[in-house]
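Have a look at the structure below, then the notes.
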Amino acid sequence: MYKQKNKSLLWMGCGAIILSLFLFVFLVDNCHCSDSPKYFKWRFSNQNVMQMPDASGLHLIGSAYLAGSFDNSMKWWEADLLSLGIGTAWEVKDALVPWERIGILGGEGFSWGDIQMDLTGIISHRLFVLFYNRYKYKIWSFNSQKK
């Protein structure tokens with residue numbers, strides 16, 4: 001019962017963050033230029049994965065951190081899917097909300113490279129946890145049988 005309550009609170013919190021971000025975007029529109037891109041016009045980013053290494057590193061570390069943080073309140077695969085879902089939702093926001101209109105909260109467009117870096121961060125976290133647990137409990141053989 002307690003874990004189920006935590007999961008529902010977590011999902012409601014993520015939904016509230018996304019909803020408040022979209023409300024903020026529409027309430028704080030400070031650029032009234034006629035030549036700036038419109039909201040909800042899908043855009044793709046044409047940047048390579050490591051063209052902006054700070055942004056790629058942020059996606060890598062952020063998704064690994066989210067997966068690790070969610071491990072405490074749900075199963076490992078649910079934590080991985082939720083962190084990948086948050087990364088994908090952020091990319092959708094980048095595709096629909098142009099940075100020319102609201103600045104730092106906007107994006108340059110949907111980037112498959114950022115999704116790849118999110119997935120790489122999640123897989124890196126999983127491998128770190130696997131090897132750390134094997135080192136900690138000294139279980140290195142996959143075929144060993146307990147006697």
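Across Asp71 and Trp76, no two heavy atoms sit closer than the pair OD1-CA, 3.7 Å. When all heavy atoms of Phe70 and Ala79 are compared, the pair lying nearest together is CB-CB, 3.5 Å. Between Ser45 and Ser111, the shortest heavy-atom contact is CB-CB, 4.0 Å. Ser63 and Asp118 get closest at one heavy-atom pair: OG-O, 2.9 Å. The two residues Gly121 and Ala64 have their closest heavy-atom pair at O-CB, 3.3 Å.
To the nearest 0.5 Å, atom CG of residue Asp80 and atom NE2 of residue His125 are 7.0 Å apart. Leu58 contributes atom CG, which lies 10.0 Å from atom CE of Met117 (distance to the nearest 0.5 angstrom). The distance from atom CD1 of Ile115 to atom OG1 of Thr120, rounded to the nearest 0.5 Å, is 11.0 Å. Distance check, rounded to the nearest 0.5 Å: OG of Ser124 to CG of Leu60 gives 5.5 Å.
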>> Could you walk me through whether Leu81 and Lys75 satisfy the side-chain contact (heavy atoms from CB on, under 4.5 Å) test, starting with their C-alpha distance in whole Å, then the side-chain angles of each, then the deciding distance to 0.1 Å, before giving a yes or no?
In response: CA-CA 10 Å; Leu81 285 178; Lys75 296 176 183 167; over 6 Å; no
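Residues Leu84 and Ile123 are members of one and the same hydrophobic cluster, defined by side-chain heavy-atom contacts under 4.5 angstrom among Ile, Leu, Val, Met, Phe, Trp and Tyr. Cluster membership for Trp112 and Trp42, using ILVMFWY side-chain heavy atoms within less than 4.5 angstrom, is shared. When hydrophobic clusters are built by joining Ile, Leu, Val, Met, Phe, Trp and Tyr residues whose side-chain heavy atoms come closer than 4.5 Å, directly or via intermediates, Trp99 is not grouped with Leu96. Note on Leu127: it clusters hydrophobically with Ile122, by side-chain heavy-atom contacts below 4.5 Å among ILVMFWY residues.
Ring pair Phe128/Tyr132 is parallel by interplanar angle, where below 30° counts as parallel and above 60° as perpendicular.
Residue Tyr65 places its OH atom among 12 or fewer non-hydrogen atoms of other residues, nucleotides or ligands, all under 6.0 Å distant.
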